[in-house]
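Contents: one structure, followed by commentary.
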2 protein chains.
Amino acid sequence: MALKHTILAFLSRQPLSGYEVAKEFAEGFGGCFWKASQQQVYAELSKLEKQDRVIYEAIPQPGRLDKKIYSITAKGQEELIDWLTQPTEPTAIREDLGVIGLAGHLVPSQMVVREIERRQKLHREMAQHLKKMDEHFAKNLDLLELKDLYMHLVIRRAIRYQEDWVAWCDESLKAINRVVDNLED
Amino acid sequence: MALKHTILAFLSRQPLSGYEVAKEFAEGFGGCFWKASQQQVYAELSKLEKQDRVIYEAIPQPGRLDKKIYSITAKGQEELIDWLTQPTEPTAIREDLGVIGLAGHLVPSQMVVREIERRQKLHREMAQHLKKMDEHFAKNLDLLELKDLYMHLVIRRAIRYQEDWVAWCDESLKAINRVVDNLED
DNA sequence: GAAGTCATGTAAAATGTTACATGATTCT
DNA sequence: AGAATCATGTAACATTTTACATGACTTC
């Protein structure tokens, strides 16, 4: 399970509130390669706090709930490093669109085509968005310190992933059209 | 949730026993884009059976437990088609190696390099294996009927995915080496 | 004789998703 | 005035993972 470790990794860079951690997952770099809901984040943080992996400082805010600023502890960092030291396992692809490969013959090919086109557009947009996030790093590639280079590489991973989807959609649409045209002759 | 639908999709091609479905996930095309353990498969199948999405015929086997051959029912096929008709959502990438982008600075860069090299080798092997599975389809690309073309496209998706990993590893290793060399000067 | 394959499951624990709940502030 | 953002959570449910359990047949 990497949710725990991802949160620890966030906090190893800088102290953050639960709200900020959740936002990081939803919009930030974290969301490039891991996903977690707000509820999961709050639950995990309070668990980590009980285990002394993180501590928080409650900041009173006028007219609002206290903001809990979480920081990683020595114990937390130890565990994180320990985890970083283990070999990683490739994650299995879990992709709904893949089921079409098994059961696409049950629906008209036009529907498959339309769905692939829809997905292609989506992935194109995501790639675009990620590229914007990466701009700052990509521009100064030769000046980056290691810490930022790693960040850049993760975003690059996500960009490639999205672009690969776009290319696959292209390839697939062409192949389907070819076969469908053949059948019509 | 697509486990249910993936199993229904398998069965829409041909009746299978629980054991065979599980094998499909572990080794077959199904494993390209979805993953499920044997226990999950058996649990899901008996649930689907109670809901009349599938039925089974028990085949007695000498000196062995009965083999339960599951087939999809009309109701099951209806549900599957219904599901195929909905738009799919891209799956979030969940990838342990990504955490390194956030916390790689906590360990020596050599360790990061070694891990990326290890992963590159793994993905190269997986791509190789998938290409073998695809050979039969790739050879007869222009003769494939739609059903088999879809299958080919799913395998292609998986191949691209693995090859994209390999290329990213390459790119990343070069970038890290460049920065590390700079620091040493 | 040991390892691997065929064949089925149960049970507990960990994780993740969905829905609900509250309430002030800031932006349009 | 309504929507979005900041800020925290609880509870129920679904899903996944891990460990356990059994036993014959086949291949090295």
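In what follows, chains carry the letters A, B, and so on, assigned in the order in which the sequence lines appear, proteins first and then strands, with residues in each chain numbered from 1. No hydrogens, no waters, no symmetry mates; every other heavy atom, side chains included, goes into these values.
- Along DNA chain D, the nucleotide nearest Gln61(A) and the nucleotide nearest Ala43(A) are compared for position; the residue whose nucleotide lies closer to the 5' end is Gln61(A).
- Proximity of Tyr42(A) to the phosphate of dT8(D): a side-chain N or O atom is located under 4.0 Å from OP1 or OP2.
- Considering NZ of Lys131(B) and CD of Glu163(B), their distance stands at 4.0 Å, rounded to 0.5 Å.
- Between the NZ atom of Lys67(A) and the P atom of dT5(D) there is a distance of 16 Å, given to the nearest Å.
- Comparing Ile69(B) and Leu65(A) against DNA chain C, the residue whose closest nucleotide sits nearer the 5' end is Ile69(B).
- Under a 3.5 Å cut-off, the side chain of Arg94(B) and the backbone N or O of Leu3(A) do not form any donor-acceptor pair.
- You'll find that the side chain of Lys68(A) is closest to dT8(D), out of dT8(D), dT15(C), dG16(C).
- Remark: Arg157(B) qualifies as a cation-pi partner of Trp165(A) under the 6.0 Å distance and 45° angle criteria applied to the six-membered ring.
- With Trp168(A) contributing its side chain and Leu153(B) its backbone, the two residues share a donor-acceptor pair below 3.5 Å.
- If you check dC6(D), dT10(C), dT17(D) against the side chain of Arg94(A), the one that comes closest is dT17(D).
- Between the C1' atom of dG4(C) and the OH atom of Tyr19(B) lies a distance of 9 Å, rounded to the nearest Å.
- Summarising the geometry, the separation between OH on Tyr70(B) and C1' on dG9(C) is reported as 10 Å, rounded to the nearest angstrom.
- Spacing between atom NZ of Lys4(B) and atom P of dA14(D) amounts to 11 Å, rounded to whole angstrom units.
- Across all strands, Gln39(B) comes closer than 4.0 Å to base atoms (heavy-atom distances).
- Proximity note for Lys35(B) (side chain, C-beta onward) versus dT17(D), dT8(C), dT8(D): the nearest is dT17(D).
- Remark: C1' of dT15(C) and NE2 of His5(A) are 14 Å apart, rounded to the nearest angstrom.
- The CG atom of Asp96(B) sits 14 Å away from the C1' atom of dT15(C) (whole-angstrom rounding).
- Residue Glu20(A) contributes atom CD, which lies 10 Å from atom C1' of dC6(D) at whole-angstrom precision.
- Side-chain proximity of Ser37(B) to the nucleotides dT18(D), dC6(D), dT8(C) is greatest for dT18(D).
- Salt bridge Arg119(A)/Glu95(A): present, at least one basic N to carboxylate O contact under 4.0 Å.
- Gln38(A) comes within contact range of at least one nucleobase, with a heavy-atom separation under 4.0 Å.
- Atom CG of Asp66(A) is separated from atom P of dA24(C) by 15 Å (rounded to the nearest Å).
- Closest to the side chain of Gln40(A), out of dG16(C), dA7(C), dG9(C), is dG16(C).
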